[in-house]
Every structure is written in structure tokens, then in C-alpha cells.
Amino acid sequence: MAVPAAAPLPCSLLLVVCWVVAMGTAAGAKILPSPSNLNYSFIHICTLNWTWNPPENISSSCNLEYSSDIVINGVPEDRKKWGKNRFRVTDVHLNEEMHLRVRSECKNDTTSEPSPWVETSLLPKGIPGTAAVDLSCVWHNLEYMACTWRPGENASSDTNYSLFYWFDGLENPKKCSNYSVDQEIFECIFNLTFPKVTSNYPTISILIRDDSEEIRPVCASKNPTTLVKPATPRQLTLSKTNDRIDVKWSASETFPKNCLHYEVKWGNGDSDSVWISEINSVSIPGIDANSKYTFKVRAKPKRECYNSDFHSDWSEEKSIGEKRDSTIYVVLIITIPLVVAVSTIILLAYLKRLKILILPPIPDPREILKRMFGEQNEDSQSSAKYDPMNAFDRLIIEEEIHSLILTETSDSTNPEKENR
Ligand SMILES: *[C@@H]1O[C@H](CO)[C@@H](O)[C@H](O)[C@H]1NC(C)=O
Ligand SMILES: *[C@@H]1O[C@H](CO)[C@@H](O)[C@H](O)[C@H]1NC(C)=O
Ligand SMILES: *[C@@H]1O[C@H](CO)[C@@H](O)[C@H](O)[C@H]1NC(C)=O
Ligand SMILES: *[C@@H]1O[C@H](CO)[C@@H](O)[C@H](O)[C@H]1NC(C)=O
Ligand SMILES: *[C@@H]1O[C@H](CO)[C@@H](O)[C@H](O)[C@H]1NC(C)=O
Ligand SMILES: *[C@@H]1O[C@H](CO)[C@@H](O)[C@H](O)[C@H]1NC(C)=O
């Protein structure tokens, strides 16, 4: 990777050194000369090797060490280091201004003062606000890493960000090739597996940049053990024996033994419980035979193995048992007496009519006689009234009655004559 040289640096550095030397001689104090030729080079996509040369004319009595520190966006990081090495390796973020400063010191020598700091800087390239933001990565099932990010607010909407990654063990950085974009969220997925015996995973360096000079690159270091997310448990099976329910699911094929535990969430609708299981099964005692139980499981990495807060998604939900719905009981308790009451009333009313049909009221002979004659008169009259065939008969009867009345009236006058 090309290393941009800080062109004005040697001059300014020289000035500082000259000035310090002059001051030192003027005051008569023994101020050490500064290291020279401070420079840097990339050793990986997101890693710099800062190098410098030893100061000149250091007396052999001086136990020379170099003190170095990092300043980011003008703020000292307080990551001071002392040592005899003439280089320092640091991670870089590329989207911020980074300075490294170094000076020489004689250890355990009170007669000399540390040299002034010499400094060199790494300035961000591209336009401010175009670097990818909100980078986050998840290591799925120890199999593949999925990283997502959003475009910077000043980046054009068709920016083609590319993701590169590197870790100790890879000869060269690799370019991620499985991209997707959904609602301005970029995602790239790359395989990431290590031998099962490994317990120390290397830090993953991730660089997101664009081929265009305008897009500011950005680097991030990810510790994979903090990003572990297990796969969703599969093949959840339930079986019931007496008052126990046995729950089983498939064991992970990618995780080392004893590095996962499982959360079993189960309930019968009234209450939910969570059981933690160290193995891929659990047996739950004391269950209610008249309840329906629902189960789901998710996996969590164990702290002893991974420092990750992610857990798997919940498995599909499975249930066992028949639920006697209490609301049905309530409905039954209300409706049964209601139905009984209503049908009794209907039955009684019906029975009353039925009784009339089966057991007609005991006839009263007087009534019958009365009705027979009364009704016959009425009948003859009414029937005559309405039957045209009887019109002639009626006429005869009426004549007879009239003649009868006549004879009667003629007779009735006679007793008066007899009494006289
Ligand atoms: C820094 O190192 C690069 C090569 O890695 C070189 O081209 C450049 O001139 C050096 N800069 C200084 C100030 O020495
Ligand atoms: C950094 O550069 C120095 C000088 O070139 C070299 O001796 C050292 O091994 C480098 N460090 C790493 C970690 O590459
Ligand atoms: C270092 O010492 C030599 C000889 O003693 C002298 O010629 C030279 O100017 C000194 N260099 C500096 C930077 O003081
Ligand atoms: C985006 O660009 C504008 C104008 O150049 C600038 O003021 C702003 O700070 C940039 N946004 C970011 C996040 O840097
Ligand atoms: C991104 O890629 C697409 C398709 O390759 C291209 O049309 C577009 O111009 C690119 N965007 C930029 C900013 O280069
Ligand atoms: C890309 O990722 C998707 C989603 O995980 C996966 O289904 C697909 O197989 C991957 N393609 C390649 C070429 O790796």
C-alpha cells in the first residue's frame, strides 16, 4: 500500500532539533538529542509500523530508551510506551487524524533531560463525512462473519464500498465478495473458520473503502470472540411420559463441547418459565396433564469460551398436550342451565296442548244435553241460514210454527169463555 510521505516533516523536525540544541547549550543543561527520521509504513490494511533512527552523539553511559505516545484528533491517547525498539506498531482508523510522537530518554540518568518530542502524522484522505458508519459484525455459528454498515452522510448514494479483511494467519488481505444492499444498509458476508482446537482467535482487521479518492476509508478491529452468535437450535422434539415432558434438540456441530448453554422457554399459557440447560435436552417434571405446553429453545455462548452477549434466534415453537379451555367451562356453566330452563318452559307449554289432545276434559252430561238442544236449534237455524238447499224446508217449518201459533192463540181465548 502506498505510504504518503509527510513532505514538510524533515524541515520542521530539523528546526525543532536545532532549536532544542541551541536552548540546551544556552542553559547549560544536558538535553538529549531527539530521534531522527520518524516515518511509518503499513504492514497490514489497518496496521502501521512507525520507525525512527537513534539520535546522534549519545554518550555511551546513557541507557537509551524511546518513549512514544499516540495523539488522535489532537487528543493524547495516553498509550505511552517505553522501550529500546526503534519502531512501534499500532492499529489505525484512517478516518481520523493520528499523530505519533517519540523522544529519547536516558534511563536512570538524572543528569540529562529527555529530548523534545518529534512527531509525525497520518492525515485522513477523502472528503469528510464519506466514510462508512455504524460498522457492526456478527460471527455466525463460528462459520461466517456478516458485517453491516451505512454510507457516510456526505457519500453519494451510488458509492460502491468494498470490505477487506485480514487477521494473523492470512498471508494477504482478502476482499469480501458477497455483498447486498437493503435500504441503505450494506452487508457483506465472508467465511471465517478456525480449527476447533483454537482457543485464541486473532483480531480481525476490517477496512471499508471505495476505489474513488473522494471516499474516506475507515478501519476497525474486531475481536471475534465477542461477536459469536450460535445457530438457531433445530429439530426440537417433545415427548410426554407420565408427568414429565422430555425436550430434545440437535446439538451444535461447530461449537467445541461445553461452550454453549441453552435457554428453554416453556409455558402453558398461564405462566412462562425459563430453564437453562448445559446439554441439548431437558426433562421437565410435574406437568399438568390437562394443559397444553409450548416450548422454544435458543443457544447462548458460555462465558468460559466466548465473551459474547449474542444468543441465537429462538427455535421454532412446538407444543404438546391438550388444553381444556376454561372459557369453554364458563360458557357451558352458563348455557346449560339456560338451555334446560328454556326447553322446560317450551316443553310445559307443549305438554298442556298435548294433554288437551290425549285427555280431553271429562264431559258434563248436563252440558252435553244443553249443548245438544241448544246447539241443535242454533245448528238448524245457522245451517238453514247458510244452506240454500234448506231454504224450502225452512219455509215449511216457519209455516208450521205460524199455524201452531195461530191455533194456540185461538185456543187461549177459549178458557176465558169457559170461566164465565
Ligand atoms: C518514509 O518512508 C517512505 C518509504 O516507506 C519514504 O518514501 C519517505 O521518504 C519516508 N519519509 C521520510 C520523511 O523519511
Ligand atoms: C517495523 O519496522 C522495523 C524497521 O524496518 C522492523 O525492524 C520491524 O521488524 C518492523 N516491525 C514489524 C512488526 O513489522
Ligand atoms: C556529533 O559528534 C561529532 C563528533 O564529535 C560532531 O562532528 C557532530 O557535529 C555531532 N553531531 C551533532 C548533531 O551534534
Ligand atoms: C459533510 O460535508 C459538509 C460540507 O462539506 C460538512 O460541513 C460536514 O461536516 C460533513 N459531514 C461530516 C459528517 O463530516
Ligand atoms: C458503483 O457501481 C455501479 C455498477 O458497477 C456503477 O454504475 C456506479 O457508477 C458506481 N458508483 C460509483 C460512485 O462509482
Ligand atoms: C452469500 O450470502 C448469502 C446469504 O448468507 C448466501 O446464501 C450465499 O450462499 C452467499 N453466496 C456466496 C457466493 O457465498
Side-chain angles (χ1 to χ4, degrees), residues 1-6 38-51 68-79 81 87-101 119-139 144-156 159-179 181 184-192 201-227:
M1 212 163 272
V3 177
L38 178 59
N39 205 345
Y40 60 76
S41 61
F42 279 89
I43 48 177
H44 306 299
I45 46 174
C46 303
T47 313
L48 284 187
N49 186 6
W50 306 83
T51 57
S68 61
D69 198 9
I70 294 160
V71 181
I72 287 175
N73 287 339
V75 181
E77 290 289 282
D78 210 17
R79 281 152 63 186
K81 254 190 171 179
F87 64 89
R88 180 170 174 180
V89 175
T90 65
D91 287 335
V92 287
H93 295 141
L94 298 180
N95 59 342
E96 54 200 10
E97 198 179 312
M98 186 177 189
H99 297 262
L100 186 108
R101 55 188 193 181
E119 206 174 87
T120 191
S121 57
L122 176 72
L123 299 174
K125 289 186 253 173
I127 297 168
T130 54
V133 291
D134 295 346
L135 173 67
S136 80
C137 299
V138 176
W139 190 18
Y144 62 93
M145 188 79 99
C147 294
T148 58
W149 66 90
R150 288 191 305 108
E153 64 174 51
N154 286 345
S156 77
T159 302
N160 298 311
Y161 292 102
S162 304
L163 186 150
F164 297 83
Y165 61 97
W166 179 86
F167 52 87
D168 192 10
L170 271 192
E171 204 175 324
N172 291 310
K174 281 196 171 169
K175 189 176 178 178
C176 183
S177 55
N178 195 350
Y179 291 95
V181 187
E184 290 237 311
I185 299 196
F186 288 74
E187 185 177 46
C188 197
I189 294 169
F190 57 91
N191 287 339
L192 186 67
Y201 297 99
T203 298
I204 317 284
S205 296
I206 287 169
L207 164 67
I208 298 177
R209 65 177 179 88
D210 182 270
D211 288 333
S212 140
E213 290 284 305
E214 285 147 28
I215 301 300
R216 183 166 284 188
V218 62
C219 263
S221 299
K222 299 285 180 187
N223 177 358
T225 78
T226 63
L227 306 172

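For the single chain, residues carry numbers from 1 onward in sequence order. Computation of the quantities below employed the complete heavy-atom set of this structure, encompassing side-chain atoms and omitting hydrogens, waters and symmetry-equivalent molecules.
Y165 places no side-chain N or O within donor-acceptor distance of the main-chain N or O of M145, the cut-off being under 3.5 Å. A donor-acceptor contact shorter than 3.5 Å links the side chain of T130 to the backbone of R216. Looking at N73, its side chain does come within 3.5 Å of a backbone N or O of E97 through a donor-acceptor pair.
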Subject >> Residues V71, R101; criterion side-chain contact (heavy atoms from CB on, under 4.5 Å); working and verdict >> reply: CA-CA 8 Å; V71 181; R101 55 188 193 181; 4.1 Å; yes
Subject >> Verdict with supporting geometry, V218 and L94, side-chain contact (heavy atoms from CB on, under 4.5 Å) >> reply: CA-CA 5 Å; V218 62; L94 298 180; 5.8 Å; no
**OP:** Any chance you could lay out the side-chain contact (heavy atoms from CB on, under 4.5 Å) test for F164 and R209, step after step, and finish with the verdict?
**Re:** CA-CA 8 Å; F164 297 83; R209 65 177 179 88; 3.7 Å; yes
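Using cut-offs of 30° and 60° for the angle between ring planes, the F42 and Y40 rings count as perpendicular. Taking the six-membered ring for Trp and thresholds of 30 and 60 degrees, W139 and Y201 have ring planes more than 60 degrees apart, a perpendicular arrangement.
Taken as a pair, C46 and C219 meet the criterion of an SG-SG distance shorter than 2.5 angstrom.
Atom-to-atom distance recorded for C137:SG and N223:CG is 12.0 Å, nearest 0.5 angstrom. In this structure, the separation between OG1 on T203 and CG on D91 is 7.5 Å, given to the nearest 0.5 Å. For the atom pair CG of N178 and CG of N191, the computed distance is 9.0 Å after rounding to the nearest 0.5 Å. In this structure, the separation between CD1 on I185 and CZ on R150 is 7.5 Å, given to the nearest 0.5 Å. Note that the CD atom of E77 and the CG atom of L100 stand 11.5 Å from one another [nearest 0.5 Å]. Of the inter-residue distances, the one linking L122 atom CG with K125 atom NZ reads 8.5 Å to the nearest 0.5 angstrom.
Looking at every heavy atom in both residues, S162 comes nearest to Y179 through CA-OH, 3.2 Å. Taking both residues in full, the closest heavy atoms of L170 and W166 are given as O-NE1, 2.7 Å, listed atom of the first, atom of the second, then distance. The two residues G74 and P76 make their nearest non-hydrogen contact at O-CD, 3.7 Å. The two atoms that bring S177 and C188 nearest to each other are N-SG, 4.0 Å, heavy atoms only.
Looking at heavy atoms from C-beta onward, K222 lies in side-chain contact with L135 at the 4.5 angstrom threshold. For the pair S121/M98, no side-chain contact is recorded, criterion being any heavy-atom separation below 4.5 Å from C-beta on. Residues I72 and I70 form a side-chain contact, since some pair of their non-hydrogen atoms from C-beta on lies under 4.5 Å apart. At a threshold of 4.5 Å between non-hydrogen side-chain atoms, the residues C147 and E187 do not count as touching. Proximity of T47 to V92: side-chain heavy atoms (C-beta onward) are nowhere separated by under 4.5 Å. Side-chain contact between N39 and W50 is absent, with no heavy atoms from C-beta onward closer than 4.5 Å. Side chains of P151 and T159 form no contact here, defined as non-hydrogen atoms less than 4.5 Å apart. A 4.5 Å side-chain heavy-atom check between I208 and L163 finds at least one atom pair inside the cut-off.
When the side-chain hydrogen bond (donor to acceptor under 3.5 Å, both in side chains) test is applied to R79, no partner is found at least two apart in sequence or on another chain. Under the rule for a ring-ring contact (aromatic ring centres under 6.0 Å, His included), the partners of F186 that lie at least two apart in sequence or sit in another chain are W149, Y161. Not counting sequence neighbours, the partners of R88 by the side-chain hydrogen bond (donor to acceptor under 3.5 Å, both in side chains) test are S68. Scored by the side-chain hydrogen bond (donor to acceptor under 3.5 Å, both in side chains) test, D168 finds no partners at all (sequence neighbours excluded). Partners of Y144 according to the ring-ring contact (aromatic ring centres under 6.0 Å, His included) rule, which considers only residues two or more places apart in sequence or in another chain, are H140. The side-chain hydrogen bond (donor to acceptor under 3.5 Å, both in side chains) test applied to E214 returns no partner, not counting sequence neighbours.
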